[in-house]
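Let me begin by presenting the structure, written as C-alpha cells, before commenting on it.
When reading the values below, keep in mind they use all heavy atoms of this one structure, side chains included, and skip hydrogens, waters and symmetry mates.
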Amino acid sequence: MLSYQHAYHAGNLADVHKHAALALVCNYLTRKDKPLSYIETHAGRGLYDLRSPEASRTGEAEQGILRAAPWFPEDHPYSRARARIAETHGPDAYPGSPLIARTLLRATDSLHLAELHPQEHAALRSALRAPNVHVHHQDGFALAQSLCPPTPRRGLMLVDPSWEVKEDYASVPKFLQQIHAKWNVGVLILWYPILSDATHRPMTRALAGAFPEGLIHEVAFPPARKGHRMTGSGLFAVNPPWGLAEALARLSDRFATL
C-alpha cells in the first residue's frame with residue numbers, strides 16, 4: 001500500500017495549476033446541455049483542511065493557493081468552485097479535484113472516482129455523497145480500463161498518480177494510448193510533477209510522439225522548502241478543449257511572477 005497522502009500538500013502550487021485547468025475544462029464541457037462522464041484514477045480524499053496539522057507542517061498551502069487566490073477573478077470556474085465549497089465547509093476548506101469536478105458538473109453527469117488507500121477512500125466516500133458519484137476502492141488504472149468507453153461518451157478523465165511507483169513514468173504513455181483507442185472523444189488530462197532531476201522528460205517525449213496534437217503545459221516555481229525536489233508542475237491533455245491553451249498561457253504569466 002502506498003503511503004502518499006495529499007493532506008500534507010493540499011493547495012500547493014501544483015494544485016493551483018492542476019485545479020485551475022480542471023475547472024476550466026469542466027466549465028467548457030458543461031456549456032452543452034448534454035450529460036458527460038468524469039473519471040478520476042487517483043482521487044484522494046476530496047476535501048482538505050488548510051489549517052490541519054498536516055498542512056501546517058509543510059506550509060505548502062501558504063505558498064500556494066493562499067498566495068495565488070488573487071490571480072483568479074470571482075467568475076473564474078476555479079474561484080466559483082472554491083467559493084461554493086467555502087460556503088458549505090468553511091473558509092479553510094480546500095477542494096481536491098473530485099470535489100472541484102462534482103461542484104462544477106451537474107446532477108445529470110456521472111462521476112467515477114478511484115482511490116486505493118483505505119483511509120483516503122473512506123474520507124472520499126464521506127465527502128462526496130451524491131446519486132451520480134461512484135466511489136471505487138480499486139486501482140485507478142484498472143478502473144479506467146474497465147469503464148472505457150464510458151456512458152455517456154462525452155467527458156473527461158483526470159490521471160493524477162502519486163508517482164511513488166517509478167514505473168508509472170514508463171507505463172502512463174501506453175495507458176493513455178489504450179484509453180484513447182477505446183474512448184477517442186474523451187478529454188484525457190495527465191498531471192505530473194517536474195522534479196529537479198527532470199524524471200518526466202522521457203515520458204513527455206513519448207506522449208508527444210504518441211499524441212502529436214496533444215497539449216503540454218508546464219509551470220515552474222520555487223521549491224516548497226530547502227531540499228524539496230519538486231520545482232514545477234506539468235499537464236498533458238489529449239483532445240484539449242478549445243481555448244484551454246490560451247487560458248493556461250495566461251496562468252503561466254502569473255506563475256512567472258513568483
Do Val165 and Leu207 share a hydrophobic cluster (ILVMFWY, side-chain heavy atoms under 4.5 Å, transitive)? no

So His76 and Tyr78, would you call those rings parallel, tilted or perpendicular, with 30° and 60° as cut-offs? perpendicular

Indicate, with yes or no, if Tyr48 and Tyr8 share a hydrophobic cluster defined by side-chain heavy-atom contacts under 4.5 Å among Ile, Leu, Val, Met, Phe, Trp and Tyr. no

Output all residues satisfying ring-ring contact (aromatic ring centres under 6.0 Å, His included) with His89, sequence neighbours left out; order by chain, then residue number. none

Treating Glu120 as the side-chain partner and Gly44 as the backbone partner, does any N or O pair qualify as donor plus acceptor under 3.5 Å? no

Would one find more than 12 heavy atoms of other residues, nucleotides or ligands at under 6.0 Å from atom CZ of Arg201? no

Rounded to the nearest 0.5 angstrom, the NZ-CD distance for Lys174 and Gln178 is 5.5 Å

Please list, chain by chain and in numerical order, all residues satisfying side chain to side chain contact (heavy atoms under 4.5 Å, CB included) with Leu147, sequence neighbours excluded. Ile39, His112, Leu143

Rounded to the nearest 0.5 Å, what separates atom NE2 in His134 from atom CG in Leu111? 8.0 Å

For the pair Leu258 and Val219, evaluate side chain to side chain contact (heavy atoms under 4.5 Å, CB included) and give the outcome as yes or no after the intermediate values. CA-CA 11 Å; Leu258 295 173; Val219 294; over 6 Å; no

Which atom names give the shortest non-hydrogen contact between Pro161 and Leu190, and what distance separates them? CD-CD1, 4.4 Å

Who are the ring-ring contact (aromatic ring centres under 6.0 Å, His included) partners of Phe141, not counting sequence neighbours? His42, Phe175

Thr108 side, atom OG1; Asn132 side, atom CG - distance, nearest 0.5 Å: 8.0 Å

OG of Ser162 to NE2 of His6: how many Å apart, nearest 0.5 Å? 11.5 Å

What about Ile216 and Phe221, same hydrophobic cluster or not, with Ile/Leu/Val/Met/Phe/Trp/Tyr joined at side-chain heavy-atom distances under 4.5 Å? yes

Side chain to side chain donor-acceptor pair (under 3.5 Å) partners of residues 52-66, not counting sequence neighbours, each pair once: His9-Glu60, Asn12-Glu60, Arg51-Glu62, Ser52-Glu54, Glu60-Arg225

Return the NE2 to OG distance between His136 and Ser146, rounded to the nearest 0.5 Å. 7.5 Å

Please enumerate all residues that pass side-chain hydrogen bond (donor to acceptor under 3.5 Å, both in side chains) together with Thr199, with sequence neighbours excluded. Asp197

With sequence neighbours left out, the residues meeting ring-ring contact (aromatic ring centres under 6.0 Å, His included) with Trp183 are none

With salt bridge (charged side-chain N to carboxylate O under 4.0 Å, His left out) as the criterion, how do Asp15 and Lys18 come out once you've worked through the C-alpha distance, each side chain's angles and the decisive distance to 0.1 Å? CA-CA 5 Å; Asp15 268 1; Lys18 173 177 57 183; 3.5 Å; yes

Do the side chain of Asp168 and the main chain of Trp163 share a donor and acceptor less than 3.5 angstrom apart? no

Closest non-hydrogen contact found for Ser79 with Pro73 is OG-O, 2.9 Å

Salt bridge (Lys or Arg N to Asp or Glu O under 4.0 Å) pairs touching residues 206-221, sequence neighbours excluded, are none

Let me have the donor-acceptor pairs involving side chains of residues 97-104, under 3.5 Å, with sequence neighbours excluded, atom names and distances please.
residue : atom : partner : partner atom : Å
Ser97   : OG   : Glu40   : OE1          : 3.4
Ser97   : OG   : Glu40   : OE2          : 2.5
Thr103  : OG1  : Leu99   : O            : 2.6

For residues 21-35, which side-chain donor-acceptor pairs fall under 3.5 Å, sequence neighbours excluded?
residue : atom : partner : partner atom : Å
Asn27   : OD1  : Arg80   : NH2          : 2.8
Thr30   : OG1  : Cys26   : O            : 2.9
Thr30   : OG1  : Asn27   : O            : 3.1

Sequence neighbours left out, what passes ring-ring contact (aromatic ring centres under 6.0 Å, His included) with Tyr94? Give chain and number order. His19

Listed once per pair and sorted, the side chain to side chain donor-acceptor pair (under 3.5 Å) pairs that draw on residues 148-159, sequence neighbours left out: none

Answer yes or no: are there more than 12 heavy-atom neighbours, outside Gln145 itself, under 6.0 Å from its atom CD? yes

Backbone N or O of Leu116 within a donor-acceptor pair of the His137 side chain at under 3.5 Å? yes

Result block: side-chain N/O donor-acceptor pairs under 3.5 angstrom for residues 230-248, not counting sequence neighbours:
residue : atom : partner : partner atom : Å
Ser233  : OG   : His17   : ND1          : 2.7
Ser233  : OG   : Trp191  : NE1          : 2.7
Asn239  : ND2  : Asn184  : O            : 2.9
Asn239  : ND2  : Gly186  : O            : 2.8

Straight-line distance of His200 NE2 to Arg205 CZ, nearest 0.5 Å: 9.0 Å

